[in-house]
Asker: 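The structure that follows is given in the form of structure tokens.
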Amino acid sequence: MARTLPGPTVGVVGGGQLARMLGEAATPLGMDLLVVDPTPEAPASPVVREQIVADFDDREALTELAERSDYLTYEIELAGTDVLDSVSEETGTPVHPHPDTLRTIEDKLVQKRRLEDAGVPVPPFRGVDSVDELGDALDELGYPAMLKAREGGYDGRGNVPIESPEDLEGAFETIVEAAPGVNLGDPSGAAMVEGFVDFERELAVMGVQGDDERDTFPVTETIHREEILRETVSPARADPAVRERAREVAMDVLDVLDGRGVFGIELFETANGDILLNEIAPRPHNSGHWTIEGSLTSQFEQHLRAVAGWPLGATDRRSPTVTTNILGDVDGRQQATLRNVDRVLEADGASMHYYGKREVYHLRKMGHVTTVGNDDRDPAALLEETREIRDELTFQ
Ligand code: AMP
């Protein structure tokens, strides 16, 4: 096909940092972005053609978005799936990935069942609807375990570890209180409980489904604390055979998903080198931010190429990279001013990515720093160096 520029306009539901980085990738491609987000001056607003200020499931706003765009996509799981589906049908503007994919993924229990049915290795899990059912499930699965809200949990919110039977009641209450998606009385269970995986490492693969091609980015290692992603190390410090197995599982996951785009595929590497799927995000993902500096094509450019049905870019790694999130380190909610930025600016090979959020609160994702190394450097040293830089950044 003889493509011409200027390219298509892509409408994005959500105007957070992912949309901001999509906007940064869109400009050189000659694409235009429009976003819908309820927060005025959302992170994406300075880098997109226009932000429509409205809720993610506002029919009128999504209709306007669809009418002004050639393709629709989303950067958050909270996009109103049904509204998105019907607006797409009415206006003829396609949504990628397909809303059915979002439907499958937004409910962790449905997601795990679908993947298990497709033969993807997952940790043992059960749907549970009461403390009693939770107790019964753990009699089978054993302790410890992780209780998860089926919907609405992200960045570790909506996950509660269970060490022993004494924790059952408190854990169940926490899930019901913390997660708006919990629907008591659901015949298949309001929440899900999963056997605790005593993992050697957490890995992530960004997979991409294009028009008639698919690919994966190199396997990265993800380091979480309090269930929130802190750092990624690329390439992952795992055996080449384990990395290959992770890639194969990611390719199998892509088989289950409908529609074009990039997918964040989060995995556990067990002590004996097995790979288990943790969860999928139907969009660019925090574990793929390293690709901006570290790969021939970034996950954001790749997502836009895929959504528009353009040929995919090469996913080869340019150089080893470490990425660390800049998280809110204050107690309350306050105006955001990041200090000691010179530390990043003065470090060779370090890149700053600030998301432009007006307010900061505890553990809010405010930006990230990527440090590019070379093949002669030990990734552990690169990680240490990047952490030192990050630890000096503060909002206090
Ligand atoms: P999630 O939001 O479900 O991806 O979970 C966030 C983090 O919690 C993961 O990256 C893991 O560090 C941890 N986690 C989630 N599920 C499990 C599990 N079954 N066993 C051990 N750790 C888990």
Side-chain angles (χ1 to χ4, degrees), residues 18 76-78 104-116 120-128 134 137-138 140-164 167-168 171-172 174-175 178-182 189-207 219-233 236-238 246 249-250 253 263-272 274-290 323-325 327 363-365:
L18 299 175
I76 45 152
E77 276 93 327
L78 297 172
T104 305
I105 286 178
E106 70 188 355
D107 182 327
K108 287 189 183 190
L109 183 62
V110 173
Q111 181 190 141
K112 278 266 154 68
R113 285 197 175 135
R114 181 92 175 70
L115 290 160
E116 186 176 50
V120 173
V122 296
F125 66 94
R126 301 275 185 281
V128 291
L134 179 58
L138 290 185
E140 278 181 64
L141 299 182
Y143 293 83
M146 188 72 100
L147 184 64
K148 300 185 174 189
R150 283 174 61 176
E151 286 184 33
Y154 63 96
D155 285 347
R157 269 170 279 181
N159 282 3
V160 185
I162 300 178
E163 301 292 336
S164 68
D167 297 342
L168 294 177
F172 199 77
T174 307
I175 284 293
V182 168
M192 66 174 278
V193 65
E194 206 169 79
F196 201 89
V197 181
D198 186 17
F199 52 80
E200 178 72 23
R201 226 177 253 109
E202 290 191 80
L203 303 174
V205 180
M206 294 305 306
V219 181
T220 194
E221 176 179 341
T222 58
I223 301 169
H224 295 77
R225 241 172 305 129
E226 293 165 80
E227 288 148 54
I228 295 181
L229 183 66
R230 306 295 169 131
E231 297 107 5
T232 66
V233 181
R237 291 171 290 176
V249 169
V253 167
F263 296 88
I265 301 164
E266 297 185 79
L267 305 165
F268 297 118
E269 175 191 342
T270 65
N272 53 6
D274 286 338
I275 296 292
L276 298 175
L277 183 110
N278 176 24
E279 64 174 2
I280 309 168
R283 52 171 172 75
H285 189 260
N286 198 168
S287 62
H289 290 355
W290 70 272
T323 293
T324 170
N325 279 336
L327 302 175
L363 297 182
R364 186 175 202 195
K365 288 181 179 170

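Since the structure is predicted, the reported quantities are computational estimates derived from the model, not experimental observations. Only this structure's heavy atoms are used, side chains among them; waters, hydrogens and symmetry mates stay out. Numbering of ligands and ligand atoms starts at 1, following listing order.
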Asker: Answer yes or no: is there a side-chain heavy-atom contact under 4.5 Å between H289 and L18?
Answerer: yes
Asker: Heavy-atom distance to atom 12 (O) of ligand 1: which of E266, K108, E202, R225 wins?
Answerer: E202
Asker: In terms of atom number and element, which parts of ligand 1 are under 4.0 angstrom from non-hydrogen atoms of K148?
Answerer: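 Once the distances to K148 are compared, the set is 3 (O), 15 (C), 16 (N).
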Asker: Got an N/O contact under 3.5 Å between V197 and ligand 1?
Answerer: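 Yes: some nitrogen or oxygen of V197 is under 3.5 Å from one in ligand 1.
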Asker: Mark the output for P161 as yes if a heavy-atom distance to ligand 1 is under 4.0 Å, and as no if none is.
Answerer: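 No; P161 lies far enough from ligand 1 that no heavy-atom distance drops under 4.0 Å.
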Asker: Salt bridge (Lys or Arg N to Asp or Glu O under 4.0 Å) between K108 and E194: does it pass, once the steps are laid out?
Answerer: CA-CA 11 Å; K108 287 189 183 190; E194 206 169 79; over 6 Å; no
Asker: Quick one: do R237 and E200 satisfy salt bridge (Lys or Arg N to Asp or Glu O under 4.0 Å)? Show the steps, please.
Answerer: CA-CA 11 Å; R237 291 171 290 176; E200 178 72 23; over 6 Å; no
Asker: Specify side chain, backbone, both or neither for L229, according to which of its non-hydrogen atoms lie closer than 4.0 Å to ligand 1.
Answerer: neither
Asker: Between R230 and L363, what is the shortest heavy-atom contact and its length?
Answerer: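 Taking R230 first and L363 second, the nearest heavy atoms are NH2-CD2, 3.8 Å.
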Asker: Considering both backbone and side-chain atoms of E227, is one of its nitrogen or oxygen atoms within less than 3.5 Å of a nitrogen or oxygen in ligand 1?
Answerer: no
Asker: Nearest heavy atom to atom 13 (C) of ligand 1 wins, so pick from M146, H224, M192.
Answerer: M146
Asker: Using a 3.5 Å distance criterion without hydrogens, assess whether the side chain of D167 forms a donor-acceptor pair with backbone atoms of E163.
Answerer: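 Indeed, once roles are kept as given, a pair shorter than 3.5 Å links the two residues.
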Asker: Is F268 in contact with ligand 1, taking contact as a heavy-atom separation below 4.0 Å?
Answerer: yes
Asker: Give the atom numbers and elements of ligand 1 that come within less than 4.0 Å of a heavy atom of E279.
Answerer: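 Heavy-atom distances to E279 below 4.0 Å select 1 (P), 2 (O), 3 (O), 4 (O).
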Asker: Check each heavy atom of T222 against ligand 1 and say whether those closer than 4.0 Å belong to the side chain, the backbone, both or neither.
Answerer: neither
Asker: To check you understand the geometry: which heavy-atom pair defines the closest contact between L141 and V193, and what is its length?
Answerer: CD1-O, 4.0 Å
Asker: Could you check if a side-chain atom of K112 sits within less than 4.5 angstrom of a side-chain atom of N278, using non-hydrogen atoms only?
Answerer: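 K112 reaches N278 side chain to side chain.
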